[in-house]
Every structure is written in structure tokens, then in C-alpha cells.
Amino acid sequence: MLFKGISASAGIAIGKAFVIEDEDFCPVKRNIAKDEVKKEVEKFRKAISDTKADFEKIKAAASKHLGKKHIKLFDAYLFIADDPVLKSEVVSKITKELINAEYALYEVIEENAKVFEKIKDEYFRERGKDIYDVGKKIMKHLTGVHKKTLADVKENSIVFADNLTPADTILMKNENVIGFATNQGGKTSHTAIMAQAMEIPAVVGMKDITSNVTHNDIIIIDGNEGVVIVKPDPETLENYHRRLKNYQTEVKELSQFVNVPAVTSDGKKIIVAANIEIPEEVRSVISHGAEGIGLFRTEYLFINRAEFPSEQEQFESYSQVVEKVFPNPVVIRTIDLGGDKLLPYFNINVERNPFMGLRAIRFCLKYPEIFKIQLRAILRASVFGNVKMMYPMISGVDELRAANVILDEVKQELKSKSVQFDENMEVGVMIEIPSAALTVDLLAKDADFLSIGTNDLIQYTLAVDRVNEYVTHLYEPLHLSVIRLLKNIVDAGHKEGKWVSMCGEMAGDPAYTEILLGLGIEHFSMGAASVLRVKKNITKTNFAGAKKITEEILNEASRELLIQKINQRKGH
Amino acid sequence: MIRKTVKIKNKLGLHARPASLFVQTTSKFKSSIKVFKDKHEVDGKSIMGLMMLAAGFGTELQILIDGIDENELLTTIENLIERKFDEE
């Protein structure tokens with residue numbers, strides 16, 4: 001049986017399922033005799049102290065492996081387990097209603113959690129989950145039913161769970177785990193980060209995969225495709241053993257390119273950098289031989305939390321990345337918030353068309369105080385390495401100038417306080433709106449560099465929402481309009497002596513490497529997983545030859561013929 | 001017995017971490033402490049209770065302390081709130 005999810009970490013693995021079940025939370029009610037009360041209360045108190053001991057152990061491990069910042073949650077858990085009200089309510093239920101400790105605990109947790117459900121404020125409402133989490137841990141000790149935990153994981157295991165938190169994985173035997181599949185989670189979930197660091201496949205957001213798999217089932221996990229196959233038939237299994245072998249061969253072959261510079265067959269040096277969403281990805285950037293970071297998205301600092309990150313927190317996060325990547329450059333993109341990434345702690349109206357709404361630079365220009373905090377943090381981080389900065393969603397010169405006015409204010413402010421920053425930090429713009437692509441000759445005069453965001457540029461140029469299944473086939477990166485716009489951008493940038501980078505998905509697709517080189521793009525930035533494939537393609541491409549093909553297709557009106565021409569050239 | 005009205009000054013209010021600090025502090029004292037928000041009353045030594053108040057920024061809370069070390073407890077708690085739970 002095949003299940004699809006979100007690909008969170010690349011790779012293929014074949015192994016056995018290790019299913020971590022969620023603890024049950026519906027014990028049986030049992031009436032007890034009066035002389036049993038003391039025993040039930042004792043049992044409950046013992047469960048509390050065992051639970052606290054567990055949390056202390058996890059807290060100690062967490063502070064060792066994850067740092068002090070992560071232990072706050074466990075402190076709160078400890079206090080909940082030790083809560084005098086929780087304890088006295090449970091004890092009083094056991095004593096007065098003459099019921100077993102398990103059921104008393106169940107009722108008390110349910111009653112208290114219900115109060116949280118009614119809270120209007122989302123952040124406080126969520127705290128009800130903490131009460132449940134702790135309740136489940138106490139219950140585990142009460143019932144004495146010890147479900148499997150990651151500390152028991154056997155060799156060659158693909159771990160299945162509803163969701164994995166740092167508390168779950170901290171005691172895991174890493175060497176025994178060869179893959180992860182979870183019901184919940186997205187590309188930036190804890191599972192995804194863990195898996196990427198361990199360089200094993202992970203598929204997340206699989207909805208109810210845990211109910212479709214049993215312990216020790218044979219499993220194929222394909223993190224490249226975001227697929228999990230439970231109990232594959234012999235044919236599929238054989239097929240995947242072959243794929244696994246090919247994949248391993250490819251990985252091995254590509255690994256030769258890690259320390260090889262990306263130079264075309266006729267000697268043109270190309271820069272291949274990587275995109276990151278979270279600082280933890282830096283390791284993978286370096287191990288894949290990327291020459292710096294061409295797009296450091298900063299939204300991770302702002303989402304999934306209850307308040308804006310402070311200047312200090314942002315500064316620490318940026319400088320840590322910058323230091324690790326030095327001497328290679330890091331291009332930090334200022335926040336692209338708004339749109340689909342509305343913050344729960346910042347009230348902006350729900351928009352009918354958020355992708356064309358108040359987001360990115362528009363949001364920052366409307367709320368300069370929020371913008372300035374980020375600019376200060378980036379400027380302060382700039383002395384720790386090679387930092388460049390760019391603004392997203394710039395639609396024309398006025399916006400770039402308005403943003404730079406704010407930047408200058410911040411610089412003056414820092415100077416007056418004698419705070420150090422790199423005065424020559426390059427400031428570029430993302431070209432991802434057709435209006436910017438069409439006035440790029442002017443933008444290129446003011447900006448220090450241009451970075452092409454193909455995802456939005458293509459979507460806005462073709463008026464195609466690429467996640468809409470009815471029109472997604474119309475999303476064509478090789479549409480003549482797109483190719484002409486790209487040519488316009490590259491030429492305008494180079495005419496002003498500015499470097500032009502491409503950081504959209506198109507840059508990471510090896511199928512487009514040749515044509516992009518032909519358009520004159522000399523800086524590529526992409527997901528770390530694509531770096532080696534693109535590098536390999538670059539070394540095989542003749543730069544002058546690629547230019548010729550591109551010239552041929554710039555006037556090819558028929559999309560079909562255009563693609564045919566490209567394919568013919570590729571097949572030569 | 002002493003009664004006092006305090007105002008929450010940290011941006012996030014009494015969320016998990018400040019509530020932990022609150023309880024950590026109150027548990028060290030012998031006196032009992034009750035916290036009121038409008039009609040709700042909770043035990044000031046219960047993290048669950050404190051979080052249930054959903055006391056955000058600017059919320060006014062009444063505090064009722066009773067016991068031999070009530071004055072010290074009040075000063076310590078007021079101090080903690082004043083310092084915004086060392087968050088900002």
C-alpha cells in the first residue's frame with residue numbers, strides 16, 4: 001500500500017516499521033472500597049514522582065544536546081506535574097467518589113483542559129495541550145503500561161509516529177533509525193530537521209499513516225518523492241532495491257562534485273549557492289559543497305510563535321549562520337510575511353487575495369518599526385562574515401528607494417551609538433514581480449545585485465496559481481514570456497555591472513541548467529539537495545554553446561517547438 | 001491578610017514561562033496566595049490555574065495573600081511582575 005505525504009528529507013530506505021503509539025487516555029472507571037483509598041492515593045503520588053523524574057531526565061538531556069533555550073518547556077511540564085491543585089483534585093476524587101486513581105486523573109485532566117478550550121486567546125488556549133501531555137505521562141506510570149519509546153528502537157527501523165518532539169527523540173538510538181514518517185508536521189518540523197541532520201529520508205504530514213502500519217511491517221520510504229510503501233509486493237520491493245542501489249550510486253558519483261568548483265567545459269566559473277529556511281540547514285549547505293547561501297529566508301523566526309522575535313534573537317540567529325558560512329557570502333532576505341503566513345500575534349485583516357496583498361516589502365514599509373528591528377539585527381550580524389541583504393517583492397524603483405531610506409536611518413542610528421556594521425554591505429532586490437522585471441534597467445542602477453525569484457515571477461507573469469490543480473499544467477518555466485523576461489533581467493543587471501542570481505526553483509532543476517547558463521546567469525542558488533546535480537550539469541555544459549541555443553529560442557513563438565528545440569540540443 | 005491589585009506588564013502575559021516563574025516563587029513561601037481575574041479565582045501556586053486566567057498584557061489581577069510571610073511574598077511577586085518576568 002502506497003501513502004503520500006510531504007517530503008521532508010531526501011533519500012530512500014528499506015527497513016522495518018517501528019511504531020510509536022500515542023498513549024491512551026481513556027481508562028476504565030472502577031469503584032474502590034474505602035480501605036483501598038490509601039493504596040490508590042499512594043499509587044497516584046508515586047506516578048507523579050516518577051513522571052517528574054522522567055521530565056528531569058529529559059530536561060538534563062535536552063540542556064546538554066539542545067541548549068538552555070529548549071528546557072523552558074520541560075520546566076513548565078515539571079510544574080504542571082507538581083501542580084498542587086491537580087494533585088488535590090485527584091486525591092479528593094479518589095477519596096470522596098471512591099474511584100480508581102486512573103479514572104480520577106482522567107476526569108481532572110479533562111475538566112481542566114476543557115476550561116482552556118473556551119479561552120479566546122489562541123496562545124493561552126493551546127496551553128490546554130500541555131496539560132494533556134503531562135496527564136498522559138502520569139497516566140503511563142499509573143497504568144504501568146509502557147508503550148514503546150524511541151529508546152528501544154531496533155536496528156534498521158523506520159520510525160512511525162503521530163508527531164515527534166525534541167522530548168521524544170532525545171533518548172533515541174540514532175544509529176538504528178534509517179527513516180521517519182509522521183502523521184503531522186511540515187518541512188520545518190522537528191522531524192524534518194532531525195532527519196536532514198542525520199541524512200536519512202523523512203516523509204511528514206501523512207495524516208493517519210500510524211493507523212495503517214503495524215510494528216515490524218516491511219517498509220519502503222522514499223524521501224525524494226514523499227512516499228511510504230507499507231508491505232510492498234515482491235515486485236515493488238525488488239524495484240526499490242534497484243532504485244536504492246541507483247540512488248546510492250548517484251549519491252556517490254555526485255559526491256565527487258562536492259569540492260569541485262562549478263566551471264563550464266569552456267572555463268566559465270559559475271557560483272552555485274544554496275537556499276535555507278532555518279539555520280540548522282547550514283550543515284547540509286556545507287556538506288553539499290554549496291558556495292555560500294544565495295537566499296536565507298528569515299520567516300522561520302517569525303512564524304509558529306507567540307510574539308515578534310527580539311533584535312537580539314534575530315542577531316544571534318543571523319550571525320551564527322554568517323559565521324559558519326564565512327568566507328562564503330550569505331544573502332539575507334528581509335521578511336516575506338503577510339500573505340499566507342499571517343502571524344497570530346499581529347492583527348492584520350484576512351485578505352481575499354493574500355498573494356497579491358500586504359506582504360513582504362509592502363508589509364515592512366507599512367510597519368517600519370518592525371522592519372527596523374530586522375535591519376538592525378542584519379547590520380549587526382554583517383561584521384561576522386560576508387553578508388548581503390535583499391528585499392523581496394519589490395515592484396519598482398520607488399519601493400527600493402523607500403526601503404533604502406529606512407535602511408539609512410537605521411545605519412545612522414547604529415553609528416550614533418557606535419555599533420559596528422559593514423558599511424559596504426551589498427543591498428539587492430528580488431525580481432519576482434513582472435513590473436520589476438520590466439523596469440529592471442532602473443532598478444539595476446540603484447541595487448547592488450539582482451536575485452530572480454522564479455516561483456512568483458512565473459506565477460505572476462502567466463497568471464497561473466501553480467497549486468491549483470486545474471491550471472497547474474499551464475505553469476511553464478519555459479514559456480517564451482518568462483525566457484524573455486529573464487533575458488531582460490540578466491542583460492540589464494550586467495549592463496550596470498551588477499551580478500545577477502537566480503534563487504527560485506527553476507535554478508535547482510537540472511533540466512534548466514543549460515538554458516539558464518545560456519541566458520547569462522552566473523549565480524545559482526537552490527535547495528542544498530539539488531546543488532551537486534546542478535554542479536555536475538554545469539561542468540558538462542559549454543557556456544558559449546548554451547548562449548547560442550538561447551538566442552535561437554528567444555523568438556520561438558510556439559511553446560511546443562521551443563521545448564522541442566531545447567530537448568534536441570540536450571539530446572545532441 | 002493582604003490584598004493588592006497588580007497589572008501584567010510583559011507583552012505575552014502570564015504564558016507558560018512566566019507562570020512557571022510565578023509558581024516557582026510562590027511555592028517557596030508558606031503563605032497561601034489566591035489570584036483573581038474578574039470573577040475567576042485560582043490558586044497562586046498552581047501553574048494550571050494561572051495559565052487558565054489567560055492574563056495577557058495589561059490585565060489587572062487581584063492578589064490575596066495570607067500567612068506568616070505574606071509581606072515578603074507580596075514584595076517578591078510584585079517585583080517579579082515589575083521586572084516583566086525578566087523577559088524584556
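Computed from a prediction, not measured in an experiment: that's the story for all the values here. Labels below follow one simple rule: chain letters A, B, ... track the order of the sequence lines, proteins then strands, and each chain is numbered from 1. Keep in mind that the numbers below use all heavy atoms, side chains included, and drop hydrogens, waters and symmetry copies.
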Roughly how far, to the nearest 0.5 Å, is the [atom2] atom of [Y] from the [atom1] atom of [X]?
X	Y	atom1	atom2	result
R125(A)	M52(B)	CZ	CE	15.0 Å
L53(B)	F124(A)	CG	CZ	9.0 Å
F79(A)	L21(B)	CZ	CG	7.5 Å

_Which atom of A76(A) lies closest to which atom of S20(B), heavy atoms considered_ =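 For A76(A) versus S20(B), the nearest heavy atoms are CA-OG, 3.5 Å.
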
*Looking only at heavy atoms, what is the nearest atom pair of R127(A) and A16(B), with distance?*
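Smallest interatomic distance, heavy atoms only, reads CD-CB, 4.1 Å.
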
*asked:* Tell me if the NZ atom of K87(A) is crowded by more than 12 foreign heavy atoms within 6.0 Å.
replied: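 More than 12 heavy atoms, drawn from other residues, nucleotides or ligands, come within 6.0 Å of this atom.
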
*Give the member of D82(A), D75(A), N112(A), V85(A) that has the highest number of heavy-atom pairs under 4.5 Å with chain B.*
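Looking at each option in turn, the highest pair count goes to N112(A).
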
By a 4.5 Å heavy-atom criterion (distance strictly below it), what part of [X] contacts chain B: side chain, backbone, both, or neither?
X	result
D121(A)	neither
I80(A)	both
I119(A)	side chain

*Considering only heavy atoms and a distance below 4.5 Å, find which of A55(B), G49(B), S46(B) pairs most often with chain A.*
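Sorted descending by pairs with chain A, the first entry is S46(B).
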
*Between the side chain of D83(A) and the main-chain N/O of I47(B), is any donor-acceptor distance below 3.5 Å?*
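Yes: the side chain of D83(A) pairs with the backbone of I47(B).
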
